[in-house]
There are 2 protein chains.
Amino acid sequence: MPATIRDVARASGVHISTVSRTFSAPHLVNPETRVRVLACAEELGYRPNRAARALITGRTHNIGLIIADIANPFFPPLIKAAESQARHRDYHVFVADTNEDPVAEEELVHALAKQVDGVLLCSPRMSNSLIEQLSREVPLVVINRQVAGLPCVMMDVGQGARAAIEHLLDLGHRKLALLSGPRGSWTSREIRRSAVAAARSGGAELTVLGPNPPTETGGAGLADQVRRNGVSAVLAYNDLMAIGLIEGLDAYGIRVPQDVSVVGIDDITLSRLTRPKLTTVATPTSAAGRTAVDMLLQHDTGVRARGVRSGTSDDRRTTAQVMLQTELVIRDSTAPATPDGRSRSGAVADPDPHCPAGPGHPVAATGGVVAS
Amino acid sequence: MPATIRDVARASGVHISTVSRTFSAPHLVNPETRVRVLACAEELGYRPNRAARALITGRTHNIGLIIADIANPFFPPLIKAAESQARHRDYHVFVADTNEDPVAEEELVHALAKQVDGVLLCSPRMSNSLIEQLSREVPLVVINRQVAGLPCVMMDVGQGARAAIEHLLDLGHRKLALLSGPRGSWTSREIRRSAVAAARSGGAELTVLGPNPPTETGGAGLADQVRRNGVSAVLAYNDLMAIGLIEGLDAYGIRVPQDVSVVGIDDITLSRLTRPKLTTVATPTSAAGRTAVDMLLQHDTGVRARGVRSGTSDDRRTTAQVMLQTELVIRDSTAPATPDGRSRSGAVADPDPHCPAGPGHPVAATGGVVAS
DNA sequence: ATGAAAGCGCTAACAA
DNA sequence: TTGTTAGCGCTTTCAT
């Protein structure tokens, strides 16, 4: 039986409202009284019931985090950073997994709406209009997607994809392929747009393969197509697909980077641990998680004034949109093309395998506001 | 302004208690009325406020999941499985990360207690007595640890470690090392106990190195010690450390498995993707997550009878303890020892790298009750 | 089958 | 500075 505010009031000989103030507005209570109340509360192990408090204040001190696939190694660092940041601000986090299913996404927002002060929508697959509509039910911050009028945290994968393509171009590759991501993914569209443009302006040919599930299996399954297309270099939607592709190519006896160069996106931990180590576009996922929480909580004064059911919700937060920088990290899965269109094995392809881990590749996390 | 029960009552011309019944006890309401109420609710987008409901029923329909480190690839599959299972049963999940800190663990349980119907404690680092004490504040299910009198979900790492050591013994290794895990880890103690016993009964020498942080870095940092100890085979607390160790050894020019054999524990996705592919003890993490949720919710009738503040909480759940099976998965990081005490490179060390993925290694997830 | 009324734990005017 | 009172959204006796 957890102690209630009444137990504490009784024990310390004051009215419950005094106990309430002791916790939510300490400066309004006599220091001596406060000490006594605090002592009794401590004694009884009393903790304010947040749900009861929320009922009247309108602030739950909870947030929701809706994730496309928790088991995808791209997300855990983001979840970790978001949870950590939220807890620093005394918020708890509901985490929910949609399995990349747009319908589950919507249902989850509805279900969570009443229990949270806001929801972080991470890599949503639903339509823009639906997202806008849901944002009228509960404050939303969108991660990995741009939605007009809503606060968004994006990573500049467009710039990253361009850098990746240009790197491949520099290495002499002229016949490229792009492994695109899931249908409905903003990130995938950005990558595609940027990659196509970069290839064109570089006078190279780029074949788009997809859409595909953003998994290792998704990548492995494309090995045959990549082989038959006769491309010498591939950019994948993410590291998982890139690694899957490398495995798949390996099964055909095609070596990376000697025969084909492969670039991933994300720089998940895994990408430093496979052989060859993956050349990839690092995305600042932890920073994205932190930033999204900050944006959500920024204007969360809560205080839905008692009884005031304003028809005009003019408490619209300033809908900043933040674009986080990405950075190309060159490792061992890319090498110069040979005249016949294949990669050439050489120094770049086989760096000293005995050199220690090295200083690592820093990830730029500087955010620049691109809209407001 | 979300619609409340009163709005629905007004719209459908009934009393709020009828609306309430429509949702929580539909059979008690006239079918025609029910249809009308439901229609109005739908129209208004009404959803019962779970927090308000919890205030009176005592059931929040939330659970807490406390994780040692979300970014450790061991946990995401467990989180995913737990969240999925919880949602199937109409529960939402708070996820919190302790960063392996026992103090954070305790604070988190307190903070979450009022908002959840129970907490899953995953790989807790705090003391048994504290866990028992906390379990009087909120129902607990302990994962990856055995605590007398409490429901626990364990994975049989003891048996796994024994199988791993025996595998190494079979390969002819006689000078072994164990990389132990974090201080306070039940899993680490079990592994150690079992590995020491297995080595002894096999007449082999086993050096225990640790405790260590359960990370890649933790493993890499031990390469020098492993080298100087002149062991020919190593069992690591987990795959991350094993992979880190392999990297670290590589920096010294020591090859795995030719010079040293390495076995991990967990079978995280990563372990199939590194070179060499890691020999490891597969632990059924998804099954553990599902099972833990089931155990927590099994007897969750909730209904803390109104006003009845029973001093004797005799609603103690049956405290079953479940031990999930593990399985040794032999891949490419182990090879026969040579007479001089090093591994010999050979067929086992270098299997056909071009053979496709293969059927994969199934993970036994059959749970056997070992106590009640 | 439905309504009336009390109350879960708490906060926030308002009074004193 | 403290107490009084009303009530957040909901469920649950108890009547009717």
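Naming: A, B, ... by sequence-line order, numbering from 1 per chain. From a predicted model like this one, the values you see are computed outputs, not experimental measurements.
Within 3.5 Å, no donor on the side chain of B:Arg47 pairs with an acceptor on the base of D:dG9, nor the reverse.
Counting to the nearest Å, the P atom of D:dT2 and the CZ atom of A:Arg21 are 8 Å from each other. The separation between B:Arg59 atom CZ and D:dT11 atom P is 13 Å, rounded to whole Å. What separates NZ of B:Lys114 from C1' of C:dG9 is a distance of 9 Å, to the nearest Å. The CD1 atom of B:Ile16 sits 10 Å away from the P atom of C:dA4 (whole-angstrom rounding). Atom CD1 of B:Ile56 and atom P of C:dA6 are 13 Å apart (whole Å). When the C1' atom of C:dT2 is taken as reference, atom CG of B:Asn30 falls 10 Å away, rounded to whole Å.
Across all strands shown, B:Thr18 has heavy atoms under 4.0 Å from sugar-phosphate atoms exclusively, and none from any base. Across all strands, B:Arg50 comes closer than 4.0 Å to no nucleic acid atom at all (heavy-atom distances). If you check every strand for non-hydrogen atoms under 4.0 Å, B:Phe23 touches nothing. Within 4.0 Å of A:Val19, counting heavy atoms only, lies no atom of the nucleic acid at all.
You'll find that the side chain of B:Ser20 is closest to D:dT12, out of C:dG7, D:dT12, C:dT11. In the set D:dT1, D:dC10, C:dC10, the nucleotide with an atom closest to the side chain of A:Ile5 is C:dC10. When distances run from any side-chain atom of A:Val14 to the nucleotides C:dA4, D:dG3, D:dC10, the shortest one goes to D:dG3.
Under a cut-off of 6.0 angstrom, the local environment of CD in B:Glu43 is sparse, with at most 12 non-hydrogen atoms contributed by other residues, nucleotides or ligands. Around atom CD of A:Glu132, more than 12 heavy atoms belonging to other residues, nucleotides or ligands sit under 6.0 Å away.
Put simply, A:Thr33 has no side-chain N or O that comes within less than 4.0 Å of OP1 or OP2 on D:dT1. Dashed line: the shortest gap from a side-chain N or O of B:Arg6 to OP1 or OP2 of D:dC8 is under 4.0 Å. Here A:Thr57 does not reach the OP1 or OP2 of D:dC8: none of its side-chain N or O atoms lies under 4.0 Å away. A close approach under 4.0 Å does not occur between any side-chain nitrogen or oxygen of A:Ser17 and OP1 or OP2 of C:dC10.
Using a 30° and 60° split on the angle between ring planes, B:Phe94 and A:Phe94 fall in the parallel class, below 30°. Classification of the B:Tyr91-B:His61 ring pair by plane angle, with boundaries at 30° and 60°, yields parallel.
Residue-to-nucleotide proximity on DNA chain D shows that, of A:Leu28 and B:Leu55, the 5′-proximal contact is made by A:Leu28.
Only one option out of A:Gln85, A:Arg87, A:Lys80 pairs with A:Glu83 in a side-chain hydrogen bond (donor to acceptor under 3.5 Å, both in side chains); it is A:Arg87.
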